[in-house]
2 protein chains.
Amino acid sequence: MTTAPIPRRAEPDVRRQSLIAACARVLAREGAAGTSVRVIAREAGVSPGLITHYFTGIEALIAATYADVDQTVRAAMEVAVAAAGTDPRARLDAFVTASFAPPIADRALLATWIAFWSLVSARADIARQHDDQYAAYRARLTEMLDACGVAPDRLRLASITLAAVVDGLWLELCLSPGCFSAQEAGVIARAQIDSLMPPPK
Amino acid sequence: MTTAPIPRRAEPDVRRQSLIAACARVLAREGAAGTSVRVIAREAGVSPGLITHYFTGIEALIAATYADVDQTVRAAMEVAVAAAGTDPRARLDAFVTASFAPPIADRALLATWIAFWSLVSARADIARQHDDQYAAYRARLTEMLDACGVAPDRLRLASITLAAVVDGLWLELCLSPGCFSAQEAGVIARAQIDSLMPPPK
DNA sequence: TTTATTGTTGTACGATCGTGCAATAACATG
DNA sequence: CATGTTATTGCACGATCGTACAACAATAAA
C-alpha cells in the first residue's frame with residue numbers, strides 16, 4: 001500500500017498519479033470532511049503548493065481521482081471477463097462476481113465514490129462526468145446481455161436492472177460489511193442474471 | 001418549501017426541528033462541502049451559536065438530519081402501504097413504487113444521505129447508526145415478503161435482493177434523473193418482486 | 001561549465017472554519 | 001411590576017482552509 005519514495009523531481013505523469021493515489025488514500029482514511037490540500041500533500045510527501053500546480057483545485061483533484069478509480073475498476077472487470085473464456089453467460093457471471101471482490105469492493109473505493117457524488121448536486125460539470133461514466137458502464141452491461149441473447153426490446157430495462165442490483169449490493173457491502181457476504185452478493189447477482197435470460201427453447 | 005418565520009423565542013423541539021430542516025436544505029443546495037455551521041444558521045435565520053447550543057457539533061446535526069429524513073421516508077412508505085389495502089402483494093408493490101416518487105426520490109434527500117455516508121468510514125458511532133437504520137429497513141421488507149408467502153429459508157436473500165434493487169434504482173434516479181424514469185424504475189422493481197414470489201401451485 | 005527550463009518548495013495572505021462564553025432578551029411565575 | 005429562567009445573540013479566539021507567488025533546485029542542452 002505504501003508507495004515507493006518518489007525522486008525529488010518526478011516526471012509530470014508520475015507525480016500526477018502519485019497525487020491521485022494520495023488523494024484516494026486520504027479520502028478512505030479521513031473521509032471527505034478531512035480531505036484537504038495540506039493533508040493530501042503530506043500524504044504524498046510533497047509541499048501543498050504542488051497540488052495547485054497540477055490541478056485547478058481540490059475539486060478537480062477529486063474528479064481526477066474518481067476518473068482514475070473508474071478506470072481501475074473497468075480494467076479489473078475486463079481482466080475477470082477475459083479470464084472467463086468465451087461463453088457469454090460465463091463472462092457476464094465473471095463480470096458481476098468481480099464487482100464484489102477486491103479490488104472493486106473496497107472501502108477506499110467507496111470513499112472516493114461518495115466524495116464524488118457529494119459534488120454532483122452542486123456542480124454541473126461533475127454531474128456530466130458522472131452521467132458519462134455511468135452510461136459507459138451500462139453500455140458495457142448491455143453489450144454482454146446482448147451477447148447472451150436477451151431480446152433487443154428488453155435490453156434497456158435489463159441493463160438498468162442489473163446495474164441497479166450490482167450497485168445496490170456493492171454499496172451496502174462496502175457500507176455494512178457485516179450484513180451479508182461477498183459470496184451471498186454473488187449468488188444474488190447471478191440469480192438476477194438468470195431471471196433476465198431469454199427463456200430456453 | 002420555505003418555512004414559516006419562527007418567533008424569536010421558540011420551543012426547543014420546534015427550534016431543533018427547524019435547524020434540521022435548514023441543514024437538509026443547505027445540504028441539497030450547496031453540497032456537503034459547502035455545509036457549515038454559519039451557512040445553516042443563516043438559512044434557519046438564527047445566530048451561529050445556537051447550533052452549538054442544540055447539537056454537540058455539525059456532525060451530530062448531520063446525523064440528526066439523517067435520522068429525521070429516515071423517519072420521513074418511513075412514514076411516507078407506511079402511508080403508501082396503508083393506502084394499498086390488505087392484499088400483501090399490493091402492499092409490497094405500493095412500498096417499492098413509493099420509493100421512486102416524491103417525497104422519497106428527491107435530490108435533497110439524496111444529499112443528506114450522501115453527507116451521512118461520507119461520515120460512516122471515519123466514525124464508528126455513525127457506522128452503527130447506519131447499520132441500525134438499514135437493518136430496520138430490511139426487516140420491514142422481510143415482513144412484507146413473508147406475508148406474500150416467500151419461503152422462510154429464502155426470506156433473507158430475498159429481502160437483501162429487493163433492498164439492493166430499490167436502492168440502486170433510487171440512487172441512480174436521483175443522481176442522473178435523465179437516465180430512466182420513475183415509471184421505469186417501478187416496472188423494474190415490480191418485475192423483481194415477481195421473480196421473488198413463490199411459484200403458484 | 002554555463003545557461004535555460006521547469007519541477008518543487010516555503011511562506012504569506014485573506015477567508016472561513018467550529019467552538020466557547022459573557023451579555024442580552026423573551027417568557028413564566030410570583 | 002419584580003424576579004428567575006433560559007432561549008438566543010454576538011463576538012472573539014485559534015485553527016485550518018484554498019490559493020498565489022517569489023525563491024530554490026534539479027535536470028537537459030549548449
Side-chain angles (χ1 to χ4, degrees), chain A residues 3-24 26-27 29-66 115-116 118-119 122-123 125-126, chain B residues 3-24 26-27 29-66 115-116 118-119 122-123 125-126:
Chain A
T3 51
I6 291 180
R8 283 183 57 83
R9 188 189 179 101
E11 296 228 349
D13 289 343
V14 174
R15 179 53 36 105
R16 207 182 139 85
Q17 194 62 31
S18 83
L19 293 178
I20 286 175
C23 177
V26 171
L27 280 172
R29 177 170 15 100
E30 316 272 355
T35 300
S36 68
V37 168
R38 290 165 216 264
V39 175
I40 295 172
R42 195 187 318 138
E43 174 75 24
V46 299
S47 77
L50 198 57
I51 290 182
T52 306
H53 184 257
Y54 278 99
F55 298 92
T56 331
I58 191 172
E59 296 189 345
L61 173 53
I62 289 180
T65 303
Y66 180 74
F116 185 80
S118 74
L119 301 176
R123 294 194 34 174
D125 55 333
I126 299 282
Chain B
T3 52
I6 292 182
R8 281 183 58 82
R9 188 188 179 101
E11 295 227 351
D13 289 343
V14 174
R15 176 68 48 167
R16 209 182 138 84
Q17 195 61 33
S18 83
L19 293 178
I20 287 175
C23 177
V26 171
L27 279 172
R29 177 168 17 99
E30 315 273 355
T35 299
S36 68
V37 168
R38 290 165 215 266
V39 175
I40 296 172
R42 197 186 317 137
E43 174 75 25
V46 299
S47 77
L50 199 57
I51 289 183
T52 306
H53 184 257
Y54 278 99
F55 299 93
T56 331
I58 192 173
E59 296 189 345
L61 174 52
I62 289 179
T65 303
Y66 179 74
F116 185 79
S118 74
L119 301 176
R123 295 194 33 176
D125 55 332
I126 299 283

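This is a predicted model, so every value here is computed, not measured. The chains referred to below are lettered A, B, ... by the order of the sequence lines, with proteins before strands, and numbering in each begins at 1. Side chains included, hydrogens not; waters and symmetry mates left out as well; all remaining heavy atoms used.
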- Out of dC17(C), dC17(D), dT19(C), which has the shortest distance to the side chain of Val39(B)? dC17(C)
- Query: Quick one: is Ser36(A) getting a side-chain N or O under 4.0 Å of the dT16(D) phosphate, OP1 or OP2?
  - Reply: no
- Item | Side chain of Val37(A) (C-beta onward), nearest among dA7(D), dG18(C), dT19(D) | dT19(D)
- Just how far, in rounded Å, is P of dG7(C) from CG of Asp13(A)? 11 Å
- Quickly work out the Glu11(A) CD to dT5(C) P distance and round it to whole Å. 19 Å
- Query: Contact class for Gly57(A) (heavy atom, under 4.0 Å): base, sugar-phosphate, or nothing?
  - Reply: sugar-phosphate
- Task: Search all heavy atoms of Gly34(B) against all heavy atoms of Val39(B) and return the closest pair with its distance.
- Result: O-CG2, 4.0 Å
- Is the shortest side-chain N/O distance from Arg38(B) to OP1 or OP2 of dG18(C) below 4.0 Å? no
- Message: Quick check on dA7(D): is either OP1 or OP2 less than 4.0 Å from any side-chain nitrogen or oxygen of Arg15(B)?
- Response: no
- Does the side-chain contact (heavy atoms from CB on, under 4.5 Å) test come out yes or no for Ile51(A) and Ile58(A), once each step is laid out? CA-CA 8 Å; Ile51(A) 290 182; Ile58(A) 191 172; 6.0 Å; no
- Return the value, rounded to whole Å, for the distance between atom CD1 of Ile62(B) and atom C1' of dG18(C). 13 Å
- dT19(C) C1' sits how many Å from Tyr54(B) OH, rounded? 18 Å
- Message: Within the 4.0 Å heavy-atom criterion, would you say Ile58(B) contacts the bases, only the backbone, or no part of the nucleic acid?
- Response: sugar-phosphate
- Item | Value in whole Å for how far the C1' atom of dA7(D) lies from CZ of Phe55(B) | 15 Å
- Which heavy atom of Leu27(A) sits nearest a heavy atom of Ala32(A), and at what distance? CD2-CA, 4.0 Å
- What does Leu50(B) touch in the nucleic acid at a heavy-atom separation under 4.0 angstrom: a base, only the sugar-phosphate, or nothing? base
- Minimum heavy-atom separation for Gly31(B) to Ala122(A), with atom names? N-CB, 4.5 Å
- Item | Minimum-distance nucleotide to Thr52(B) side chain [options: dG18(C), dT19(C), dT8(C)] | dT19(C)
- What is the distance from CZ of Arg42(A) to P of dT9(C), rounded to the nearest Å? 14 Å
- Roughly how many Å is it from CD1 in Ile51(A) to C1' in dT8(C), rounded to a whole number? 13 Å
- Please state how far atom CD1 in Ile40(B) lies from atom P in dC17(C), giving the value in whole angstrom units. 10 Å
- Tell me, please, which residues at least two apart from Arg29(A) pass salt bridge (Lys or Arg N to Asp or Glu O under 4.0 Å). Glu43(A)
